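This report refers to the structure that appears directly beneath it.
Residues take their numbers from the sequence shown, with the count starting at 1. These numbers were taken from a predicted model, which means no experiment stands behind them.
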Amino acid sequence: MASLYKAVSGTKRRREDDGANNESTGAKNRQRVLMLSSRGVTHRQRHLINDLSVMLPHAKKDSKFDTKSKLFMLNELADLYNCNNVLFFEARKRQDLYMYLAKAPNGPTAKFHIQNLHTMSELNFTGNCLRGSRPILSFDKSFDGSAHYRLVKELLFHIFGVPKGARKSKPFVDHVLMFSIIDNKVWFRTYQISEAIDTAGSEGSATVEAENMRTGANKKKQLTLSLVEIGPRFVMTLISIVEGSFSGPLIYENKEFVSPNFVRAQYRMGRAALKNKRADKVEMKKVQKIVKAKERKEKGPDPLTDSLLFA
């Protein structure tokens, strides 16, 4: 009984000490992301999801979600995994990819259309970063220009921002996630923070270096920073924002967004119109040949031909 009492009292003291430390340091940023996709994703889309899961150590990757109509069931799945953010990728017709950024369970939810996606294996950039390191989030100043983009900025910050001390994260900051708005689209890029040390006097001759080594003079070191792209890269087009988590009234709708199905339908209609136009030209030529042949028969032979003149 004495050992049991000591164990219980020790756990209580530890909890009290942890609570005092949390109060002294402030509230922690407890963000966990549930990442999953629907069925029907292509290999490039699957590789993109794998690249993002590697970049987000605080994300919990789950198996594919079966249904596409009852997305509100993702809230129960997020609650099961103790996640307060959901990053869901929906594939349609094995060629279109849509991304949902949601705060579970109360919302809001932003829906994006993904275009021009390129994975790390496709790009083969020279940049690299430590697995599990924390990124620096860089947002374009255009995000502060409108209310809906400010809301999107907050969602991106909660999902792509790795909190300090998160699960499987390392206490290093060696890459940058850049979000910029160009042509009313959100462009995503990843860069490595490359450090290089330039020493003063490196442009001099070997005699200068030998003199410095002989006299023991310390050369001044200057740290230079540069950005090297890592990947992946893609472009997001905002479609709509709803108030709840995968449900609720519509807050914002992008009137300029054109569905890829409509674009493909218009392209097919244009190709069909060209084909019909060519077929009509061929038919017109055939009709003209028949009409000219009839006219020649009706007129009869030409009286000025050699056969009639010199008969």
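- Put simply, the side chain of S38 gets close to the backbone of A91: a donor and an acceptor are under 3.5 Å apart.
- Residues N82 and K60 bring no donor and acceptor atom of their side chains to less than 3.5 Å of each other.
- With a 4.5 Å cut-off on side-chain heavy atoms, Y191 and V228 do not count as touching.
- Minimum interatomic distance between V33 and I159 (heavy atoms only, all atoms of both residues): CG2-O, 3.7 Å.
- Partner of Y252 under the side chain to side chain contact (heavy atoms under 4.5 Å, CB included) criterion, chosen from L238, V242, V152: L238.
- Looking only at distances, no side-chain donor or acceptor of E283 sits under 3.5 Å from a matching main-chain atom of D280.
- A cation-pi arrangement is absent between K153 and F179 under the rule of less than 6.0 angstrom and at most 45 degrees off the ring axis.
- Surrounding NZ of K70 are at most 12 heavy atoms belonging to other residues, nucleotides or ligands under 6.0 Å away.
- When each of N50, L34, L36 is checked for a side chain to side chain contact (heavy atoms under 4.5 Å, CB included) with K61, only N50 meets the rule.
- In this structure, the side chain of D96 does not engage the main chain of P260 through any donor-acceptor pair within 3.5 Å.
- A donor-acceptor pair is defined here as one N or O able to donate and one able to accept, closer than 3.5 Å; no such pair exists between the side chain of D183 and the backbone of K185.
- When all heavy atoms of A104 and N75 are compared, the closest pair comes out as CB-OD1, 3.9 Å.
- Few gaps surround CZ on F257; more than 12 heavy atoms of other groups in view lie less than 6.0 Å from it.
- Residues L117 and P232 form no side-chain contact, since every pair of their non-hydrogen atoms from C-beta on lies 4.5 Å or further apart.
- Of all the heavy atoms in S169 and V162, the pair that sits closest is CB-CG1, 4.0 Å.
- With 3.5 Å as the limit, one finds a donor-acceptor pair spanning the side chains of S133 and D174.
- A heavy-atom distance below 4.5 Å is found between the side chains of D144 and R150.
- Proximity of a side-chain donor or acceptor of T109 to a complementary backbone N or O of F246 within less than 3.5 Å is detected.
- By the 4.5 Å heavy-atom criterion applied to side chains, L130 and K170 are counted as neighbours.
- Under the 4.0 Å criterion applied to side-chain N and carboxylate O atoms, E253 and K255 are assigned as salt-bridge partners.
- Counting heavy atoms from C-beta on, the side chains of L227 and V176 come closer than 4.5 Å.
- Contact annotation: the side chain of F143 approaches that of V186 to within less than 4.5 Å [non-hydrogen atoms, C-beta and beyond].
- Minimum interatomic distance between Q45 and V41 (heavy atoms only, all atoms of both residues): OE1-CA, 3.4 Å.
- A cation-pi arrangement is absent between R39 and F65, since the terminal nitrogen or guanidinium carbon is not both under 6.0 Å from the aromatic centre and inside a 45° cone about the axis.
- Taking the side chain as every heavy atom from C-beta outward, L177 and F188 approach each other to under 4.5 Å.
- For the ring pair (Phe, Tyr, Trp, His ring centres under 6.0 Å) with H113, the qualifying choice from F89, Y98, Y100 is Y98, the only one to do so.
- The two residues G127 and Q192 make their nearest non-hydrogen contact at CA-OE1, 3.2 Å.
- One side chain, H158 or K103, offers a donor N or O that lies under 3.5 Å from an acceptor on the other.
- Here the side chains of P108 and L151 are in contact, with some heavy-atom distance below 4.5 Å.
- No side-chain donor from either of D140 and Y149 sits under 3.5 Å from a side-chain acceptor of the other.
- A salt bridge links E122 with R44; the closest basic N to acidic carboxylate O contact falls under 4.0 Å.
- The shortest non-hydrogen separation linking T190 to H175 is CG2-CD2, 4.3 Å.
- Checking side-chain atoms of N116 against main-chain N and O of F234 turns up no donor-acceptor pair under 3.5 Å.
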